[in-house]
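This report concerns only the one structure given below.
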Amino acid sequence: MPVTNINDLPTVYNASETEQKIYKFWEDNGFFKADSKSAKPPYSIVIPPPNVTGVLHMGHALDETLQDILVRYHRMSGYETLWVPGTDHAGLATQNVVEKQLAKEGLTRDDLGREKFLEKTWEWTNQHKSTILDQCKRLGASFDRSRERFTFDQGCSDAVKEVFVRLYEKGLIYKGAYIVNWCPRCQSAISDVETEYETEQGHLWEISYPVKGESGAIIVATTRPETIFGDVAIAVHPDDHKYSELVGKTVVIPLSGREIPIIADEYVDKSFGTGAVKITPAHDPNDFEVGKRHNFSPIWVIDEQGKMKACGEVPPEFHGLDRYEAREKILGMLSYKNFLLRTKDHEHNVGKCQRCGTTIEPLLSEQWFVKMKPLAQEAIKAVKDGRIKFIPDRWEKNYLGWMENIRDWCISRQIWWGHQIPAYYHKVTGEMVVAKENPDPQNYVQETDCLDTWFSSALWPFSTMGWPDTKSDDFKKFYPTTTLVTGFDIIFFWVARMITMGLEFTGKAPFSTVYIHGLIRDEKGQKMSKSKGNTIDPVVIIDKYGCDALRFTMTSLCTFGGQDIKISDERFEYGRNFANKIWNASRFVLMNLDGVDNNDIDFDKLTIADKWILDKLNSTAKEVNEDIQNYRIGETAHVLYDFFWNSYCDWYVEIAKIQLTDESVKLNTQRVLRYVLDMTLRLLHPIMPHITEQVWQLIPKQTDFKAIMLADFPIYKESLEFAAEAKEMELVFETIKSLRNVRQSFNISMAVNFNITIHAPKEEKAIFEAIESYIKRMAKVENISYSDELDFEVKKSATAVVSASKIVIPLENLIDFNEEIARQNKKLEKLTNERKSLEGRINNPKFVANAPADLINTTKARIEEINTQQTAISRLIGSLSS
RNA sequence: GGGCGUUUAGCUCAGCUGGUAGAGCGUCUCCCUUACAAGGAGAGGGUCGGGGGUUCAAGUCCCUCAACGCCCACCA
């Protein structure tokens with residue numbers, strides 16, 4: 001750590017120059033490395049692994065910052081702290097990226113074949129794997145890169161196989177033909193949570209199906225006419241009298257001529273449409289259930305590309321047509337042949353692929369599923385009995401609601417990049433074996449499907465700790481992890497599944513607290529997205545304002561309720577300005593330390609101001625600890641901002657300037673300045689790691705710790721509590737403020753010095769004498785005289801009433817006394833209003849009977865105080881007016 | 001259809017367990033006072049969405065209405 005000459009420090013903090021240098025210092029010294037053999041209590045977090053294809057965005061910046069704050073706080077608070085970094089192989093996303101690259105060369109993945117394609121994808125992955133974590137370094141993330149993991153690395157893959165086989169053996173994984181959400185573009189099944197519904201303006205078409213052998217027909221309403229060739233029946237409600245005659249009869253599918261029966265099923269809603277529904281088991285989840293109940297074989301008419309199948313049931317002229325083209329053509333022909341009776345506008349929800357936005361095709365196909373109901377039981381219990389706590393707790397409801405209605409999880413994906421399902425089929429008999437390894441490569445071939453990326457993510461908290469080796473040092477020391485930090489958008493995708501798998505395979509909840517933060521939005525409250533072009537690049541912000549500025553601003557915007565956060569470029573000025581304030585205040589302190597190299601404050605020599613700032617520091621430390629422990633991280637930022645800027649800089653440093661000129665207290669003042677700066681930097685370090693480290697390293701002879709990031713985090717100390725003196729300081733503030741107010745009100749330049757007379761009762765006079773120097777310097781007072789006369793005539797003066805005393809500022813030619821009267825009247829009015837409402841309370845017998853004693857006392861005391869001040873001001877006005 | 005969230009100063013938002021409202025930015029006045037103009041000092045600004053209730057006391061608890069936003073489910 002190169003130490004700069006203090007006098008050469010620039011007056012404007014140069015964040016970008018400092019930050020990378022500081023990060024390197026930490027990294028080179030291995031300060032982020034956790035020791036699994038340590039005797040300290042563990043604190044661990046696993047990063048929500050960003051996609052390898054990802055580029056750092058504001059969401060990461062927030063998520064990583066919050067984790068880093070928790071990690072740094074606990075590291076400084078005596079925990080052996082591990083933050084595991086890593087990335088997600090992101091099956092489909094990564095495959096798409098590589099396929100796009102191939103497309104540029106005019107190739108498809110099929111041209112390469114599975115093995116070559118995987119080779120290429122690994123190549124791409126290895127090239128990009130560290131990009132996003134390297135970007136996280138710019139965020140100051142203190143994760144342990146020596147433990148970096150990848151959801152598709154050897155260890156994670158072993159864990160996946162182990163879990164898959166065990167679940168299968170327990171009967172919790174099965175393979176079967178069910179309706180799944182099929183994305184025709186991705187060419188794969190996707191799970192329910194990956195399907196997003198959008199309301200679209202569509203149509204409801206009423207189509208007539210002629211009854212066989214009769215002149216009548218049944219009219220069916222549908223939103224998807226292209227599936228008519230897959231119909232296996234028409235269903236009506238059993239109690240629907242309109243149709244009771246028709247049940248059991250046969251109708252003819254228009255255009256194709258295939259014959260199907262009319263059946264009765266409770267699923268049908270009599271009041272919707274025409275009350276008659278076409279049943280297409282291969283292409284609709286509800287129809288599939290109806291079909292099963294009535295023993296119909298499904299008929300596929302749309303293929304995996306979303307095109308009409310070239311099969312016997314589909315008339316040849318439609319073969320190979322895209323589903324939407326087919327729809328138009330079918331409607332045209334139905335209309336031409338008078339089968340289409342009516343077209344109504346109809347608003348309905350259409351499923352879209354979360355990844356690419358393509359309309360989902362519900363498709364009956366053979367897929368692998370995890371039976372979730374039995375697994376969910378323990379996961380529900382763990383949250384209900386408090387083993388896992390959500391912050392804010394309203395997300396528990398959300399989680400439980402989903403878990404209690406959990407549906408089976410479709411885990412197979414028809415892609416190549418991912419964990420290939422460990423099932424093997426006999427080449428001849430087709431017999432299936434589920435095992436970690438191929439039992440006999442000569443005769444068995446592996447299942448071609450891969451697993452949903454979230455399958456491996458679900459194991460992340462324990463697969464990264466060496467599981468299935470439960471004897472590994474990391475697993476023993478750091479599993480279960482402590483806190484999980486993430487956004488609410490992946491509670492179902494990820495959090496719920498980690499809880500489920502963690503409990504099933506380790507018997508322990510994978511973390512005890514789930515800290516859910518809001519999402520980052522643009523200044524209008526819209527979600528940031530590349531397509532909208534409203535994204536803000538964290539790296540650009542860091543270059544412009546600095547990492548600490550970014551962190552501080554974002555942290556200060558975090559609310560306890562976990563609201564979404566709206567940001568714009570300019571908001572980061574807040575953090576930048578604060579960083580600059582820290583820089584300059586620190587510069588002042590360092591320049592005035594004269595090499596004072598310890599924090600050995602002489603408690604017998606403390607001035608009232610010293611005691612006040614120590615007391616304030618102490619209560620700030622107390623609150624910061626409580627706030628972080630309770631995940632009130634935004635509050636932490638506010639408390640520290642207020643303490644550092646308003647208490648330390650605006651008051652204490654100004655007062656210290658006076659004390660430094662007094663040889664009798666100079667050294668002690670330097671020590672207090674130093675101590676408070678040192679402790680405040682530590683308190684700020686989790687939020688603003690770089691600047692605090694840089695400044696801390698410049699404080700003379702910091703020998704106890706190598707870095708602030710390893711220093712002890714300040715906690716509340718009884719020895720630093722000075723309640724009485726802290727209260728006395730209020731008199732200083734009040735006095736100075738009211739004198740400044742007088743100056744400003746009458747437009748008196750700071751260059752003009754006052755003489756003042758303080759009319760004070762005995763007990764207050766002593767305090768004023770003790771703080772005289774502060775008043776003189778900070779309110780630009782030349783000379784102070786005292787009087788014990790409290791009842792006096794005021795002439796040609798402005799007066800400030802402070803506590804029980806009156807301060808008279810003679811201003812003969814400087815002011816307009818009508819203005820002074822007006823000023824005093826305004827004050828009087830304020831006091832009168834306050835008094836009225838307080839008296840209203842105290843005169844209410846019910847208030848006296850019910851309110852706590854100390855509230856009654858303070859109310860009475862306040863009325864008393866107002867009373868004296870009112871009397872004083874009234875007299876002033878009287879004597880000024882005469 | 002069910003659930004959740006939001007509504008507080010011109011703007012963006014804080015306000016934990018109920019005790020007469022706070023910050024940042026912006027506005028108005030002064031000031032380049034030897035750490036900082038990314039700064040200092042002072043000032044102005046709110047019937048806390050509407051209505052009702054509980055309480056000595058409500059922005060804070062309960063009910064209700066309204067607007068906006070989100071999540072889940074889903075009728076072809």
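Quick note on labels: first sequence line is chain A, next is B, and so on, each numbered from 1.
Here Lys737(A) lies in heavy-atom contact (under 4.0 Å) with sugar-phosphate atoms only. Using a 4.0 Å heavy-atom criterion, one finds that Arg576(A) contacts the bases of the nucleic acid, with or without backbone contacts as well. Base engagement by Pro852(A) is indicated by at least one non-hydrogen atom pair under 4.0 Å involving a base atom. Residue Val268(A) is classed as a base contact, given a heavy-atom separation below 4.0 Å to a base. Lys397(A) comes within contact range of the sugar-phosphate backbone alone, with a heavy-atom separation under 4.0 Å but no base atom that close. Contacts of Val848(A) with the nucleic acid, taken as non-hydrogen atoms under 4.0 Å apart, are absent. Here Trp645(A) lies in heavy-atom contact (under 4.0 Å) with sugar-phosphate atoms only. Here Arg743(A) lies out of heavy-atom contact (under 4.0 Å) with every strand. No engagement by Leu204(A) is indicated, since no non-hydrogen atom pair under 4.0 Å with the nucleic acid exists.
Taking the P atoms as reference points, U17(B) lies 48 Å from C32(B), given to the whole Å. For the C1' atom pair drawn from A9(B) and C71(B), the interatomic distance equals 32 Å after rounding to whole Å. Separation of the C1' atoms belonging to G5(B) and G24(B) is 24 Å when rounded to the nearest angstrom. Distance check on atom P: C62(B) versus U6(B) gives 12 Å, rounded to whole Å. U55(B) and C16(B) have their P atoms separated by 23 Å, given to the nearest Å. For G3(B) and A76(B), the P atoms lie 22 Å apart once the distance is rounded to whole Å.
In the set C56(B), A14(B), U12(B), the nucleotide with an atom closest to the side chain of His638(A) is A14(B). Of the candidates A76(B), G44(B), A35(B), G44(B) carries the atom nearest the Lys830(A) side chain, counting heavy atoms from C-beta on. When distances run from any side-chain atom of Asn584(A) to the nucleotides G19(B), G42(B), C36(B), the shortest one goes to C36(B). In this structure, the nucleotide among A41(B), C13(B), A35(B) sitting nearest to the side chain of Lys566(A) is C13(B). If you check C30(B), A35(B), C71(B) against the side chain of Phe492(A), the one that comes closest is C71(B). Of all nucleotides listed (G42(B), C56(B), G39(B)), C56(B) comes nearest to the side chain of Asn850(A). For Arg841(A), taking side-chain heavy atoms from C-beta onward, the closest of the listed nucleotides G40(B), C36(B), G19(B) is G19(B). Between A76(B), A14(B), A35(B), one nucleotide has an atom nearer to the side chain of His346(A) than all others, and that is A76(B). Closest to the side chain of Asn741(A), from the set G44(B), C13(B), G42(B), is G42(B). The side chain of Asp269(A) has A76(B) as its nearest neighbour among U20(B), G39(B), A76(B).
Each of Asp522(A), Thr553(A), Ile520(A) was compared with Ile567(A) under the side-chain contact (heavy atoms from CB on, under 4.5 Å) criterion, and only Ile520(A) meets it. The only option from Leu334(A), Val220(A), Ile330(A), Leu340(A) that meets the side-chain contact (heavy atoms from CB on, under 4.5 Å) definition with Trp205(A) turns out to be Leu340(A).
The partner of G1(B) is C72(B), judged by Watson-Crick or G-U wobble contacts that both fall below 3.5 Å. The base-pairing partner of C16(B), taking Watson-Crick or G-U wobble contacts with both distances under 3.5 Å, does not exist among the strands shown. The partner of U29(B), taking Watson-Crick or G-U wobble pairs whose two distances both stay under 3.5 Å, is A41(B). Base-pair partner of A66(B): U7(B) (Watson-Crick or G-U wobble, both distances under 3.5 Å).
Between the CG atom of Asp564(A) and the P atom of C4(B) there is a distance of 18 Å, rounded to whole Å. Look at CG on Asp650(A): it is 17 Å from P on U33(B), rounded to the nearest Å. With rounding to whole Å, Phe488(A) atom CZ is found 9 Å from G5(B) atom C1'. Between Leu400(A) atom CG and C4(B) atom P the separation is 13 Å, expressed in whole Å. Straight-line distance from the CD atom of Glu396(A) to the C1' atom of C71(B): 17 Å, rounded to whole Å. If you take CD of Glu573(A) and P of G24(B), they are 15 Å apart, rounded to a whole angstrom. At whole-Å resolution of the value, CD in Glu523(A) and P in C13(B) are 11 Å apart. For the pair Asp569(A) CG and U12(B) P, the computed distance is 18 Å after rounding to whole Å.
Remark: Lys270(A) does not engage Asp239(A) in a salt bridge, criterion side-chain N to carboxylate O under 4.0 Å. Between Arg862(A) and Glu865(A) there is a salt bridge, with a side-chain nitrogen of the basic residue lying less than 4.0 Å from a carboxylate oxygen of the acidic one. In this structure, Lys657(A) pairs ionically with Glu654(A), as a charged nitrogen and a carboxylate oxygen lie closer than 4.0 Å. A salt bridge links Lys278(A) to Asp231(A): at least one charged side-chain nitrogen sits closer than 4.0 Å to a carboxylate oxygen. For Arg224(A) and Glu361(A), the salt-bridge test passes: some basic side-chain N is under 4.0 Å from an acidic carboxylate O.
Side-chain N/O atoms of Arg407(A) include one lying less than 4.0 angstrom from OP1 or OP2 on A73(B). At the phosphate of A35(B), OP1 or OP2 sits under 4.0 Å from a side-chain N or O atom of Lys657(A). Applying the 4.0 Å criterion to OP1 and OP2 of G39(B), one finds that Lys581(A) has every side-chain N and O outside that range. Contact annotation: Gln563(A) side-chain N/O to C13(B) OP1/OP2 distance is not under 4.0 Å. Neither OP1 nor OP2 of A73(B) sits under 4.0 Å from any side-chain N or O of Trp402(A). Neither OP1 nor OP2 of C72(B) sits under 4.0 Å from any side-chain N or O of Asn398(A).
In terms of polar N and O atoms assigned as donor or acceptor, the side chain of Asn349(A) comes within less than 3.5 Å of the base of C74(B) in a complementary pairing. You'll find a donor-acceptor pair under 3.5 Å spanning the side chain of Glu654(A) and the base of A35(B), going by distance alone. A donor-acceptor contact under 3.5 Å is not formed by the side chain of Arg740(A) with the base of A41(B).
If Glu834(A) and Lys270(A) are placed on RNA chain B by their nearest nucleotide, the residue sitting closer to the 5' end is Glu834(A). Ranked by how close their nearest RNA chain B nucleotide is to the 5' end, Asn844(A) and Ser837(A) are led by Ser837(A).
Among residue pairs with one or both ends in residues 849-861 of chain A, none qualify as side chain to side chain donor-acceptor pair (under 3.5 Å); sequence neighbours excluded.
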Evaluation steps, side chain to side chain donor-acceptor pair (under 3.5 Å), between Tyr641(A) and Asn646(A): CA-CA 8 Å; Tyr641(A) 182 94; Asn646(A) 300 326; over 6 Å; no
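Side chains of Glu194(A) and Asn181(A): no donor on one and acceptor on the other come within 3.5 Å.
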